[in-house]
Amino acid sequence: MIRSTVSFSSLRRLLPQTTSASASSKIGTYNWFASQPCPLESPNPTYSDEEYADVNWDNLGFGLMPTDYMYITKCCEGQNFGEGQLSRYGNIELSPSAGVLNYGQGLFEGTKAYRKKNGRVVLFRPEQNGIRMKIGAERMCMISPSIEHFVHALKQTVLANKRWIPPPGKGSLYLRPLLLGTGPVLGLAPAPEYTFLIYASPVRNYFKEGSAPLNLLVEENFDRASRRGTGNVKTISNYGPVLMAQTKAKKRGFSDVLYLDSATKKNLEEVSSCNIFIAKGKCIVTPATNGTILSGITRKSVIEIASDHGYQVEERTVGVDELIEADEVFCTGTAVGVAPVGSITYQNKRMDYITGSGTICQELNDTISGIQTGTIEDKKGWMIEVD
């Protein structure tokens, strides 16, 4: 088995070696960090370049498995984020009046690092996540890191947790960047201080079905997002409200719920945490990102790949009645990849779709997975090498 992990001597060369810095760049000075941080210069277990973490990679799912380090930095109103530091994964301490706790002023992103067969480690389009965070921060009146800073922080986090990246074909290292309003605030207002942090966890399939087809329920009683709201940005406040509908659907044996637009209840929007596509013949359609739908990075990539493969791709309003005529339905997202949908139930009527070998879904999934893992040449410059 190929074994590879972080070389801390190499990592030290990557990190800034300053002896004096502002509080925004020296994590060891943060008195709100609950556990004592362990900077890389301190005595730590060292790992050879041949070592993996002690994980049963064959049984890996999509649950939290804390890794060694997280990246963290903060800044105050009117400032820019300075260089952060890596610290041991652990709890953080927040003021009870933190903006994120009182008014939900927070954003998150999700991206993955992959280990190629040649041992190299790559990220998939990380700059797109940085762009999306900046857009979300503007909508939520928050300070955000620059795109360059965002990508650099991801690379540092990956290197520090390299032994947790699964072997080729066994999964990926999921990275969760967070932007939080951590400054204290009582009246409704933007927080006076912000924290940017990234933690990581090795993962495989998001849904418990694994790679098996999903069965979705069209949700009519609850909305995911409303017009002119925040459905198009990755704010934390978008996700708590979907839990009730999702939980009820799962108790009935469904994988997840498919939401309709809040205005008419006649048009498809997205699943709880991923975008949706429907296909008939050589035509693929997906709901347009008109302000209520998140612009997924996997979604954007799949649209481009499908066009390259000769499919006609349309981004437009998609009526729920179009599900009846569809040959295939599939979901896309960082966590789910390109996931086939076997059935959708709408108003107690179940519609079944083609899945498996020879489908459009499989073709697109094989292509994007191949680019991510290095078995297909990356002609688009999507993959960014980390080490």
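Counting from 1, the numbers follow the sequence of the chain as shown. Note that these values count all heavy atoms, side chains included, but never hydrogens, waters or copies made by symmetry.
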Evaluate the side-chain hydrogen bond (donor to acceptor under 3.5 Å, both in side chains) criterion for residues Tyr353 and Glu328: first the C-alpha distance (whole Å), next the side-chain angles of each, then the deciding distance (0.1 Å), finally the verdict.
CA-CA 5 Å; Tyr353 304 103; Glu328 290 184 48; over 6 Å; no

Please test Lys380 against Asp308 for salt bridge (charged side-chain N to carboxylate O under 4.0 Å, His left out), starting from the C-alpha separation and ending with a verdict.
CA-CA 11 Å; Lys380 299 179 177 293; Asp308 292 344; 2.6 Å; yes

side-chain hydrogen bond (donor to acceptor under 3.5 Å, both in side chains) between Asn215 and Ser255, worked out
CA-CA 5 Å; Asn215 56 321; Ser255 309; 2.7 Å; yes

Audit row: Tyr199, Leu64, side chain to side chain contact (heavy atoms under 4.5 Å, CB included) steps and yes/no:
CA-CA 10 Å; Tyr199 67 90; Leu64 178 63; 4.1 Å; yes

Output, in order, the C-alpha distance, side-chain angles, deciding distance and verdict of side chain to side chain contact (heavy atoms under 4.5 Å, CB included) for Ile305 and Lys300.
CA-CA 9 Å; Ile305 290 170; Lys300 180 186 299 186; over 6 Å; no

When you look at Phe277 and Cys331, which way does the side chain to side chain contact (heavy atoms under 4.5 Å, CB included) test go after all the steps?
CA-CA 6 Å; Phe277 289 74; Cys331 298; over 6 Å; no

Mind running side chain to side chain contact (heavy atoms under 4.5 Å, CB included) on Lys155 and Ile384 for me, showing each step along the way?
CA-CA 9 Å; Lys155 289 180 178 181; Ile384 305 300; 3.7 Å; yes

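Summarising the geometry of Phe196 relative to Leu179, their closest heavy-atom pair is CB-CD1, 4.2 Å, with the distance given to 0.1 Å. Here the closest heavy-atom approach between residue Gly104 and residue Thr235 is recorded as O-OG1, 4.1 Å. Scanning both residues, Ser95 and Pro184, for their nearest heavy atoms gives OG-CB, 3.9 Å. In terms of heavy atoms, Gly281 sits closest to Ile360 at O-CD1, 3.5 Å. The minimum heavy-atom distance between Gly337 and Thr298, with the atom names listed, is O-CG2, 3.9 Å. Taking each heavy atom of Leu216 and Val271 in turn, the nearest pair found is CD1-CG2, 3.9 Å.
Checking Ser201, Ser172, Pro202 one by one against Leu60, the side-chain contact (heavy atoms from CB on, under 4.5 Å) holds for a single residue, Pro202.
In this structure, a donor-acceptor pair under 3.5 Å is present between the side chains of Gln312 and Glu314. Asn161 and Thr67 share a donor-acceptor pair across their side chains, judged by distance under 3.5 Å alone. Between Tyr69 and Gln156, the side chains place no donor N or O within less than 3.5 Å of an acceptor N or O (distance only, hydrogens not considered). A donor and an acceptor atom, one from each side chain of Asn232 and Thr289, are nowhere located under 3.5 Å apart. In this model, a donor atom of one side chain and an acceptor atom of the other lie less than 3.5 Å apart for Thr182 and Thr195. Tyr52 and Arg115 share a side-chain donor-acceptor pair at under 3.5 Å.
The CG atom of Leu180 lies 5.5 Å from the CG atom of Leu197; values are rounded to the nearest 0.5 Å. Between atom SG of residue Cys283 and atom CG of residue Asp327 there is a gap of 10.5 Å, rounded to the nearest 0.5 Å. Going from atom CD of Glu315 over to atom CD1 of Ile284 covers 11.5 Å, rounded to the nearest 0.5 Å. Note that CG of Leu268 and OG1 of Thr317 are 10.0 Å apart. Values are rounded to the nearest 0.5 Å. Separating the CZ atom in Phe81 from the OG1 atom in Thr73 is a distance of 6.5 Å, to the nearest 0.5 Å. The distance from the CG atom of Leu173 to the CG atom of Leu175 is 5.0 Å, given to the nearest 0.5 Å.
Among residues two or more places apart in sequence or in another chain, the side chain to side chain donor-acceptor pair (under 3.5 Å) test is passed with Thr292 by Glu269, Asn290.
Using modelled atom types, no side-chain atom of Arg176 and backbone atom of Ala200 make a donor-acceptor pair closer than 3.5 Å. Formation of a donor-acceptor pair under 3.5 Å by the Thr157 side chain with backbone atoms of Met70 is not found in this model. Remark: side-chain polar atoms of Arg227 are not paired, donor with acceptor, to backbone N or O of Ala263 under 3.5 angstrom. Judged purely by atom type and a 3.5 angstrom limit, Asn238 has no side-chain atom pairing as donor or acceptor with the backbone of Ala225. Using a distance-only test at 3.5 Å, with no hydrogens or angles considered, a donor-acceptor pair links the side chain of Asn56 to the main chain of Asp58. Remark: the backbone N or O of Thr359 is not paired with any side-chain donor or acceptor of Glu363 at under 3.5 angstrom.
Aromatic pair Phe62/Tyr174: ring centres closer than 6.0 Å.
Residues Lys250 and Asp256 are not paired through a salt bridge, judged by the lack of any N-O separation under 4.0 Å between the basic side chain and the carboxylate. Glu220 and Lys265 are not joined by a salt bridge, as no carboxylate oxygen comes within less than 4.0 angstrom of a charged side-chain nitrogen. Asp352 has a carboxylate O that lies under 4.0 Å from a charged side-chain N of Arg350, or vice versa, which qualifies the two as a salt bridge. With respect to the salt-bridge test (charged N to carboxylate O, under 4.0 angstrom), the residues Asp378 and Arg125 do not qualify. At a threshold of 4.0 Å, the pair Arg299-Glu270 does not count as salt-bridged, since none of the basic side-chain nitrogens sits closer than that to a carboxylate oxygen. Ionic pairing of Lys234 and Glu109 is not present here: no N-O contact between side-chain nitrogen and carboxylate oxygen is shorter than 4.0 angstrom. Remark: Lys266 does not engage Asp261 in a salt bridge, criterion side-chain N to carboxylate O under 4.0 Å.
With hydrophobic clusters built from ILVMFWY side chains whose heavy atoms lie under 4.5 angstrom apart, Leu154 does not share a cluster with Tyr114. A single hydrophobic cluster is seen to contain both Leu86 and Phe150, as judged by linkage of ILVMFWY side chains at heavy-atom distances under 4.5 Å, directly or through other members. Hydrophobic clustering (side-chain heavy atoms under 4.5 Å, transitive across Ile, Leu, Val, Met, Phe, Trp, Tyr) groups Met351 together with Val285. Put simply, Ile278 and Tyr346 are part of the same group of oily side chains (I, L, V, M, F, W, Y) that touch within less than 4.5 Å, one to the next. Ile198 and Ile297 are members of different hydrophobic clusters when ILVMFWY side chains are connected at heavy-atom separations under 4.5 Å.
Counting only heavy atoms from C-beta outward, the side chains of Tyr194 and Gln105 approach each other to under 4.5 Å. Using a 4.5 Å heavy-atom cutoff, the side chains of Ile344 and Leu258 are in contact. By the 4.5 Å heavy-atom criterion applied to side chains, Phe254 and Leu214 are not counted as neighbours. Annotation: side chain of Val386 is not in contact with side chain of Val122 (no heavy-atom distance under 4.5 Å). For the pair Val242/Val257, no side-chain contact is recorded, criterion being any heavy-atom separation below 4.5 Å from C-beta on.
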All N/O donor-acceptor pairs, side-chain side in residues 134-149, below 3.5 Å, sequence neighbours left out:
{"unit_1": "Arg139", "atom_1": "NH2", "unit_2": "Gly229", "atom_2": "O", "d": "3.4"}
{"unit_1": "Ser146", "atom_1": "OG", "unit_2": "His149", "atom_2": "N", "d": "3.0"}
{"unit_1": "His149", "atom_1": "NE2", "unit_2": "Tyr71", "atom_2": "OH", "d": "2.7"}

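The hydrophobic cluster around Val185 extends to Tyr103, Leu188, counting ILVMFWY residues whose side-chain heavy atoms fall within less than 4.5 Å of a member.
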